[in-house]
Amino acid sequence: MKASDMKTISCTKLDEDLLKSFGAEIKTYREGEKIFNQGDIPIYYFQIIEGKVKENNHDTQGREFIHNILGNGQSFGDSMLFIDKRYPISAEAITECTVIRLSKPNFLNLLEKHPETSVQINSCMSQRMHYQFIMLQNLASNDPIIRLTGLLEYLKSFHTDDIPQSFPVELTRQQIANLTGLRVETVIRTIKKMEKENTLKIDNRKIFF
DNA sequence: GCATTAATGATAA
DNA sequence: TTATCATTAATGC
C-alpha cells in the first residue's frame, strides 16, 4: 500500500445506496422517540441521514446522563454489533430524524463482501474510542472548567475549520450539563467565567468556542 | 398564554 | 466550591 492511500481511510458515513443494496431500510423518528432501549438486543446498524440523536441513560435517581449527541451522517450502536451483549445505553431522537438501518446479519454480510467498508468501520470506532478516552479524562476532573472545555474540544473536533471562537455550540445549557454531569446553574456560571477569561464567546446566548 | 431556556440569588452540604 | 431550590426574564410557538 502506498503512503498516499493511508489518507483515504477516513471516518465517513457508509454509502446509502450500498446499504440499501444489502437490504437497509429508511426509518423516521419523531422528536423524543426512542430508537433503541438500554437492555435491548442490538440487531441493527444505524446511520443518521438527517437529524440529531442522543445516547443516554439514567442514574438511580432518574437523572439523565448523555453520553453522546450525533448528527448527520454519523452511525451509532455499531460497536455493539460485534459482540453478544445488550445495549448498555439508550438512543433517542432529539429532533425529527431520518435514519437508515441495516439488520445485523445483512450488515455483517456487507462487511464480508466489501472489506473496504470494514476498514472504514474500524477507523470510525478507533476515532470514537480516541475521543472517549479524552472525554473520560476530562470527566474525571472535578474542575468544571476542564469538563466543559473537554466537551467543547470534543464537539469542535467534528468541525473542520479552526478559526478561534467561531464554532457555534448547538446545545442547550441543560444538554451540556447532562453531558458533563454538572448542574445547569454550574454550567451557566462556569461558561460566563470562561467568557471573562476569553476562552469562549457568548453572542445572543449562543456559545462560540 | 404556555413551554422552554437562561440567568441569578440564597442556602445547604 | 458545587448542588439544590426558588424566582425571574427572555424567547418562541
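Atom set for the values below is all heavy atoms of this structure, side chains included, hydrogens, waters and symmetry mates excluded.
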A:S157 (side chain) donor-acceptor with A:Y154 (main chain) under 3.5 angstrom: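 Indeed, once roles are kept as given, a pair shorter than 3.5 Å links the two residues.
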Spacing of A:Q61 atom CD relative to C:dA3 atom C1', expressed in whole Å: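 Rounded to the whole Å, the gap is 12 Å.
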Spacing of A:K196 atom NZ relative to B:dA7 atom P, expressed in whole Å: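 The distance from NZ of A:K196 to P of B:dA7 comes to 12 Å, rounded to the nearest Å.
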[atom2] on [Y] to [atom1] on [X], rounded to 0.5 Å:
X	Y	atom1	atom2	answer
A:N57	A:I89	CG	CD1	7.5 Å
A:L155	A:L151	CG	CG	4.5 Å
A:K34	A:N56	NZ	CG	6.5 Å

DNA chain C contacts among residues 172-194 of chain A, heavy-atom distance under 4.0 Å: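 Heavy-atom cutoff 4.0 Å gives A:R183, A:E185, A:T186, A:R189.
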Touch class at under 4.0 angstrom, heavy-atom based, for A:R63 against every strand present: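 Sugar-phosphate only.
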Lys/Arg N to Asp/Glu carboxylate O, A:E170 vs A:K206, below 4.0 Å: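 A:K206 and A:E170: salt-bridged.
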Between the protein and nucleotides 11-13 of chain B, which nitrogen or oxygen pairs come in under 3.5 angstrom?
none

Taking every non-hydrogen atom, the tightest pair across A:S75 and A:Y45: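 So the minimum-distance heavy-atom pair works out to CB-OH, 3.3 Å.
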Annotated protein contacts, base or backbone, on nucleotides 7-13 of chain C with a non-hydrogen cut-off under 4.0 Å, one of B, S, - each: ---S---
Within 45° cone and under 6.0 Å: A:K156 NZ/CZ vs A:F167 ring: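 So A:K156 doesn't make the cation-pi contact.
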Check: A:I176 and A:I207 side chains under 4.5 Å, non-hydrogen atoms: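 Yes, side chains in contact.
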Option passing side chain to side chain donor-acceptor pair (under 3.5 Å) with A:E64 (candidates A:H58, A:Q175, A:K54):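 It is A:K54, the one option of A:H58, A:Q175, A:K54 that forms the side chain to side chain donor-acceptor pair (under 3.5 Å) with A:E64.
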Ring geometry between A:F22 and A:H114 (parallel below 30°, tilted from 30 to 60°, perpendicular above 60°):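 If you compare the ring of A:H114 with that of A:F22, the planes turn out perpendicular.
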